[in-house]
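To start, the structure itself, in structure tokens.
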Amino acid sequence: MDFSGRVALVTGAGSPQGIGFATARLLTQQGAKIAITSTTQRIDDRARELAGHAQSEDVFAFVADLCDHDRTRELVQQVLARFGHIDILVNNAGMTQVGNPGATSTLPLAELPEKDWDYNIAINLKTAFNVTKAVLPAMLSAGYGRIVNVSSTTGPVVSNPRETAYSAAKAAMVGFTRSLALEVGRQGITVNAVAPGWIATASSTGPELIAGKNTPVGRPGRADEIAAAIAFLASEAASYITGQPIVIDGGNSIQEYKGPPDLYY
């Protein structure tokens with residue numbers, strides 16, 4: 001995959017072990033100019049790391065709460081001012097915000113406060129809406145674009161107890177992907193989604209890592225494995241793929257038995 005001359009904006013890239021940063025690193029290694037964002041100044045550390053794979057002027061970092069419509073527009077305006085165009089958008093922001101002390105709620109729906117529901121929907125869905133809406137005019141004007149949304153298996157494919165808000169937002173991300181793909185397909189823009197399963201990142205809990213070990217592959221996934229799929233969907237090679245959610249879960253969602261493998265396999 002050659003991304004020379006392309007400009008990519010990757011959101012939620014603050015964690016050094018996360019999917020967003022792994023994606024930004026891969027795109028940079030393949031020649032893209034890159035803009036990354038997160039809610040805290042640690043994004044500057046990620047930018048310095050990326051500069052080891054590219055010219056420093058080809059890497060741009062911006063601190064933004066993407067739930068804020070005006071701040072999101074400022075982000076996109078700054079990227080366009082620096083690079084002139086945005087060819088690739090990866091909507092990865094979501095799940096948690098290091099810069100926000102509010103934790104993602106894991107309460108049953110009957111006990112879930114409205115503010116927790118609103119927060120989950122905002123960070124996992126509104127962020128993608130805000131950034132996509134701000135980026136689309138430039139892509140439509142150019143007649144080219146690749147949008148890849150990071151959804152999840154949780155919501156569109158399977159779910160867990162006490163994750164109704166997160167499940168609703170990630171399922172909505174797939175609907176968002178499909179509808180937008182229909183709107184912009186004739187303008188040279190593809191819109192797809194990846195749906196990761198159990199992926200080992202800095203935010204993974206003990207039970208989540210155990211669940212990853214009980215997938216058919218026998219381990220959790222890696223951030224760079226998700227990044228590879230995102231990069232493919234953002235490439236010229238994927239020009240005839242649009243409106244599709246790609247499940248990347250080590251086969252977990254297809255197995256009927258999900259207990260310890262020694263009891264069945």
Side-chain angles (χ1 to χ4, degrees), residues 1-16 18-94 97-100 122-123 126-150 176 180 183-184 187-191 227 230-231 233-236:
M1 292 177 286
D2 183 5
F3 292 99
S4 299
R6 297 299 185 191
V7 175
L9 169 58
V10 182
T11 70
S15 170
I19 292 170
F21 181 63
T23 301
R25 182 173 56 222
L26 179 56
L27 293 175
T28 302
Q29 290 170 342
Q30 299 300 321
K33 297 179 181 180
I34 201 83
I36 54 174
T37 182
S38 74
T39 56
T40 69
Q41 290 295 150
R42 67 177 181 165
I43 199 67
D44 294 328
D45 296 330
R46 305 290 81 75
R48 282 188 285 272
E49 294 176 49
L50 291 177
H53 303 287
Q55 300 293 323
S56 58
E57 62 268 22
D58 291 342
V59 178
F60 176 68
F62 192 85
V63 177
D65 180 354
L66 301 179
C67 294
D68 184 324
H69 183 74
D70 291 337
R71 185 65 172 165
T72 303
R73 287 186 62 192
E74 183 180 354
L75 160 68
V76 173
Q77 289 168 359
Q78 295 246 6
V79 176
L80 291 173
R82 185 181 182 102
F83 297 127
H85 52 103
I86 298 174
D87 306 293
I88 299 163
L89 169 61
V90 180
N91 282 311
N92 175 68
Q97 286 182 321
V98 171
N100 191 322
I123 66 169
K126 186 181 179 182
T127 51
F129 164 76
N130 281 346
V131 183
T132 305
K133 183 176 173 62
V135 167
L136 262 180
M139 286 186 172
L140 289 168
S141 178
Y144 181 89
R146 297 284 185 267
I147 299 173
V148 185
N149 298 317
V150 180
F176 175 84
L180 184 58
E183 289 183 21
V184 300
Q187 283 74 49
I189 302 169
T190 64
V191 189
I230 293 172
L233 292 172
S235 73
E236 294 295 327

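One-based numbering along the sequence shown.
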- Given Leu180 and Ile147, is the side chain to side chain contact (heavy atoms under 4.5 Å, CB included) satisfied, shown in steps? CA-CA 10 Å; Leu180 184 58; Ile147 299 173; 4.1 Å; yes
- Query: Given Phe60 and Ile36, is the side chain to side chain contact (heavy atoms under 4.5 Å, CB included) satisfied, shown in steps?
  - Reply: CA-CA 6 Å; Phe60 176 68; Ile36 54 174; over 6 Å; no
- Query: Between Arg71 and Asp65, does a side chain to side chain contact (heavy atoms under 4.5 Å, CB included) hold up when you go through it step by step?
  - Reply: CA-CA 7 Å; Arg71 185 65 172 165; Asp65 180 354; 5.6 Å; no
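Scored by the side-chain hydrogen bond (donor to acceptor under 3.5 Å, both in side chains) test, Asp68 finds no partners at all (sequence neighbours excluded). Taking Arg73 as the reference, nothing meets the side-chain hydrogen bond (donor to acceptor under 3.5 Å, both in side chains) condition, with sequence neighbours excluded.
Under the 4.5 Å side-chain criterion, counting only non-hydrogen atoms from C-beta, Leu89 is in contact with Val131. In this structure, Arg82 and Val7 have side chains that are not in contact, with every pair of non-hydrogen atoms separated by 4.5 Å or more. Within the 4.5 Å cutoff, the side chain of Phe62 has no heavy atoms near those of the Val79 side chain. Residues Val148 and Val191 have side chains not in contact (no heavy-atom distance under 4.5 Å, counting atoms from C-beta outward).
Pairing each heavy atom of Arg146 with each of Thr190, the nearest pair is CD-OG1, 3.0 Å. Here the closest heavy-atom approach between residue Ile230 and residue Val90 is recorded as CG2-CG2, 3.8 Å. The two residues Ile189 and Met139 have their closest heavy-atom pair at CD1-CB, 3.7 Å. Arg46 and Ala13 make their closest contact through CG-O, 3.3 Å (heavy atoms, listed as atom of the first residue, atom of the second, distance). The two residues Asp87 and Gly5 come nearest to each other via the heavy atoms OD2-O, 3.9 Å. A pairwise comparison of heavy atoms in Ala138 and Leu80 identifies CB-CD2, 4.0 Å as the closest pair.
In this structure, CG on Asp44 lies 8.0 Å from OG on Ser38, to the nearest 0.5 angstrom. Atom CG of Leu9 and atom CD of Gln78 lie 12.0 Å apart (nearest 0.5 Å). A distance of 13.0 Å separates NZ in Lys33 from CD1 in Ile88, rounded to the nearest 0.5 Å.
Between Arg42 and Asp45 no salt bridge is recorded (no basic side-chain N to carboxylate O distance below 4.0 Å).
With hydrogens and angles ignored, the 3.5 Å screen pairs no side-chain donor or acceptor of Arg6 with any backbone N or O of Ala32. Counting only distance, with no hydrogens or angles, the side chain of Asn130 and the backbone of Thr72 share no donor-acceptor pair below 3.5 Å. When atom types are taken as modelled, the side chain of Thr37 and the backbone of Val63 share no donor-acceptor pair closer than 3.5 angstrom.
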Give the table of side-chain donor-acceptor pairs shorter than 3.5 Å for residues 18-28, with sequence neighbours excluded, one pair per line with atom names and distance.
from: Thr23; atom 1: OG1; to: Ile19; atom 2: O; distance (Å): 2.8
from: Thr28; atom 1: OG1; to: Ala24; atom 2: O; distance (Å): 2.7

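When only modelled atom types and interatomic distance are considered, Thr127 and Asn91 share no side-chain donor-acceptor pair under 3.5 Å.
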